[in-house]
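Atom set for the values below is all heavy atoms of this structure, side chains included, hydrogens, waters and symmetry mates excluded.
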Amino acid sequence: MSDPIIRIAARGDGVSKAGKHVAFAVPGDLLLDDGTIQPGPGHQLPPCRHFPLCGGCRLQHLTDAAYADYCASRIIGALAQHGLESEVRPTYLSLPRSRRRATLRALRAGGMVQLGFNEAGTNRIVDLKECQILDPRLFAMLGPLRKLLATILPTKRSGEVQLTLADQGVDLGLKGVSIEGYEGAMALNDFAEVNGLARLSIDDGIGPETRYEPGPVTVTLGGIAVALPSGAFLQATADGEAALVASVREAIGDAQRPIDLFAGLGTFALSVGGKVTAAEAARDVALALMTSARALEVQHRDLYRRPLDSAELAAFDAVILDPPRSGALDQVKQIAASGVTRVAYVSCNPATFARDAEVLVGGGYTLDWVRPVGQFRWSTHVELASKFSRG
């Protein structure tokens with residue numbers, strides 16, 4: 001007898017009706033008696049030659065419809081664990097080859113440089129010959145980088161390559177490399193010029209040091225060019241960012257005095273109306289926002305150590321919340337005790353979002369809707385935007 005696959009677990013395995021975990025199975029597939037899979041309508045031929053070894057993607061065997069369902073199911077399941085349910089809107093999926101930031105691993109051995117993502121579950125590097133997720137402008141850097149790393153990456157030691165698309169081009173950060181003397185410095189400068197880099201930074205273990213930057217490096221958010229510190233967080237895709245921004249704007253409506261908590265470089269603060277306050281803990285990021293967007297009121301504040309309390313929140317008519325993966329439990333407790341009527345919560349972790357949502361609902365809010373956003377296409381990483389309100 002066959003055993004139907006009914007869902008995909010958080011780490012990407014298919015789960016059958018009998019509870020068996022099956023790698024690379026999709027809801028609608030059938031697990032046959034001999035252990036093989038009979039593909040269903042949600043199964044597709046993976047588009048990349050490196051799948052399934054490459055850890056950059058875990059779910060390329062899913063059709064777009066099946067992957068969108070997976071993203072939604074992660075959120076529905078997380079909410080159900082906390083006794084919650086809500087309207088879950090259609091999933092927005094970023095396009096292939098649209099990722100504008102990535103961290104790759106590099107290894108020099110036997111006169112060759114391997115450069116790519118780690119193999120899933122290991123430290124082995126998959127040397128990328130193609131990539132279905134990276135923006136072509138980032139992928140185009142891999143060939144020149146292999147030649148550079150062959151001269152500056154110590155033998156049999158791994159390094160790290162950080163690639164980000166800024167307004168001026170590729171912002172490149174390197175870790176684990178060895179730059180010696182004047183000739184080494186000039187080689188870096190030549191590489192940056194020839195390849196039209198926006199910036200090149202080296203991290204020797206104490207943070208990135210800029211070695212090449214012909215002009216200020218910026219990223220445009222809400223129509224404003226904001227200074228981009230090395231390594232600063234940026235939404236993974238421009239179209240995914242736009243989907244999240246649209247959701248946040250809908251969630252807070254015509255709020256005149258919103259506050260953006262965990263504001264980062266101002267992705268949301270610079271894209272909504274009213275007199276906006278932005279709170280951010282990272283000093284360099286807060287300073288970049290202060291100097292680039294003077295119309296904002298920016299608070300340099302660690303919201304984990306010192307969340308805004310309910311009395312402080314009384315000055316605002318809407319809250320935008322976009323915390324790290326660990327969520328924002330202490331801050332959410334203060335919001336739940338406040339009189340703020342609208343909350344737009346953006347999350348990159350359905351589990352901590354659901355935990356925090358339970359606190360908000362317990363404080364009198366209604367979870368009106370959730371929208372899944374798949375910026376990290378074909379991965380198990382699910383993001384979302386949501387609206388909470390109360391009368």
Side-chain angles (χ1 to χ4, degrees), residues 8-13 24 26 42 44 46-48 50-78 88-105 116-121 126 128 130-139 160-165 219 231-248 262 264 267-268 322-327 345-354 370-386:
I8 298 177
R11 295 186 179 182
D13 288 344
F24 310 117
V26 181
Q44 72 169 7
C48 180
H50 297 301
F51 185 84
L53 287 179
C54 179
C57 298
R58 294 291 295 158
L59 299 171
Q60 275 194 11
H61 56 295
L62 273 66
T63 63
D64 283 0
Y67 184 54
D69 288 345
Y70 164 74
C71 293
S73 71
R74 287 281 310 281
I75 297 167
I76 293 169
V88 177
R89 294 183 169 180
T91 302
Y92 178 83
L93 296 181
S94 286
L95 298 172
R97 300 181 180 179
S98 62
R99 185 86 62 84
R100 62 179 175 181
R101 63 174 174 87
T103 299
L104 306 179
R105 303 293 298 173
F117 295 106
N118 278 351
E119 184 177 322
V126 175
L128 293 181
E130 67 170 296
C131 186
Q132 297 294 320
I133 58 173
L134 290 183
D135 184 290
R137 289 167 289 181
L138 296 185
F139 184 76
E160 185 175 285
V161 175
Q162 295 179 336
L163 297 163
T164 302
L165 272 181
V219 59
F233 174 81
L234 192 63
Q235 295 291 343
T237 67
D239 61 311
E241 176 185 282
L244 292 172
V245 166
S247 296
V248 166
F262 305 95
T267 299
F268 305 114
D322 183 18
R325 288 187 60 79
S326 57
Y345 194 143
V346 176
S347 173
C348 58
N349 185 341
T352 55
F353 165 74
V370 181
R371 187 184 192 190
V373 175
Q375 285 196 85
F376 294 86
R377 190 182 181 92
W378 295 314
S379 81
T380 58
H381 186 79
V382 177
E383 297 184 283
L384 63 91
S386 64

Query raised in the report: Does Ala68 offer a backbone N or O that forms a donor-acceptor pair with the side chain of Thr91 under 3.5 Å?
Result: yes

Requested in this report: Grab the two heavy atoms, one from Val382 and one from Cys71, that are nearest each other, plus how far apart they are.
Outcome: CG1-O, 3.7 Å

Report task. Test Leu165 against every option in Thr237, Val219, Leu138 by the side-chain contact (heavy atoms from CB on, under 4.5 Å) rule and name the one that passes. Result -> Leu138

Requested in this report: Please test Glu241 against Arg100 for salt bridge (charged side-chain N to carboxylate O under 4.0 Å, His left out), starting from the C-alpha separation and ending with a verdict.
Outcome: CA-CA 11 Å; Glu241 176 185 282; Arg100 62 179 175 181; 2.6 Å; yes

Report task. Report the distance from atom SG of Cys57 to atom NE2 of His50, rounding to the nearest 0.5 Å. Result -> 10.5 Å

Query raised in the report: What distance separates Leu59 CG from Gln44 CD, expressed to the nearest 0.5 Å?
Result: 10.5 Å

Query raised in the report: What heavy-atom pair brings Glu130 and Gln132 nearest, and what distance separates the two atoms?
Result: OE1-NE2, 3.0 Å

Query raised in the report: Can you check whether Tyr92 reaches Pro372 side chain to side chain, under 4.5 Å on heavy atoms?
Result: no

Requested in this report: Would you indicate whether the side-chain heavy atoms of Ile8 and Ser73 approach each other to under 4.5 Å?
Outcome: no

**Report entry** Least distance between heavy atoms, Pro350 atom then Leu384 atom
**Finding:** CA-CD2, 4.3 Å

Query raised in the report: Between Phe51 and Phe24, is the gap from one ring center to the other below 6.0 Å?
Result: yes

Report task. Would you please test Cys348 and His381 for side-chain contact (heavy atoms from CB on, under 4.5 Å) and show each step? Result -> CA-CA 7 Å; Cys348 58; His381 186 79; 3.8 Å; yes

Query raised in the report: Any salt bridge between Glu383 and Arg325, counting N to O under 4.0 Å?
Result: no

Requested in this report: Indicate the atoms forming the closest heavy-atom contact of Leu134 with Ala102, along with that distance.
Outcome: CD2-CB, 3.5 Å

Requested in this report: Answer yes if the side chains of Tyr345 and Asp322 hold a donor-acceptor pair under 3.5 Å, and no otherwise.
Outcome: no

Report summary line: Here the gap from Leu244 atom CG to Arg371 atom CZ, rounded to the nearest 0.5 Å, amounts to 8.5 Å

Query raised in the report: Are Pro96 and Trp378 side-chain neighbours, meaning at least one heavy-atom pair lies under 4.5 Å?
Result: yes

Query raised in the report: At what distance, to the nearest 0.5 angstrom, does SG of Cys131 lie from CZ of Phe117?
Result: 5.0 Å

Query raised in the report: Can you tell if the side chain of Leu104 reaches within under 4.5 Å of the side chain of Leu163, non-hydrogen atoms only?
Result: yes

Query - Nearest heavy-atom neighbours spanning Gly42 and Val26 - result: O-CG1, 3.6 Å

Query raised in the report: Is a side-chain N or O of Ser247 found less than 3.5 angstrom from the main chain of Ala243, in a donor-acceptor match?
Result: yes

Report task. Can you tell me which residue pairs pass the side chain to side chain donor-acceptor pair (under 3.5 Å) test with a partner in residues 52-63, sequence neighbours excluded? Result -> none

Query raised in the report: Looking at OG of Ser379 and OH of Tyr70, how far apart are the two atoms once the value is rounded to the nearest 0.5 Å?
Result: 7.5 Å

Query raised in the report: If you round to the nearest 0.5 Å, how far is CZ of Phe376 from CD1 of Ile133?
Result: 9.0 Å

Query raised in the report: Of the non-hydrogen atoms in Ala10 and Thr380, which two are nearest, and what is the gap between them?
Result: O-CB, 3.3 Å

Requested in this report: Would you check if Arg99 and Asp135 make a side-chain contact, meaning some heavy-atom pair closer than 4.5 Å?
Outcome: no

Requested in this report: Just jot down the side-chain hydrogen bond (donor to acceptor under 3.5 Å, both in side chains) partners of Arg377, sequence neighbours excluded, or say none.
Outcome: Asp64

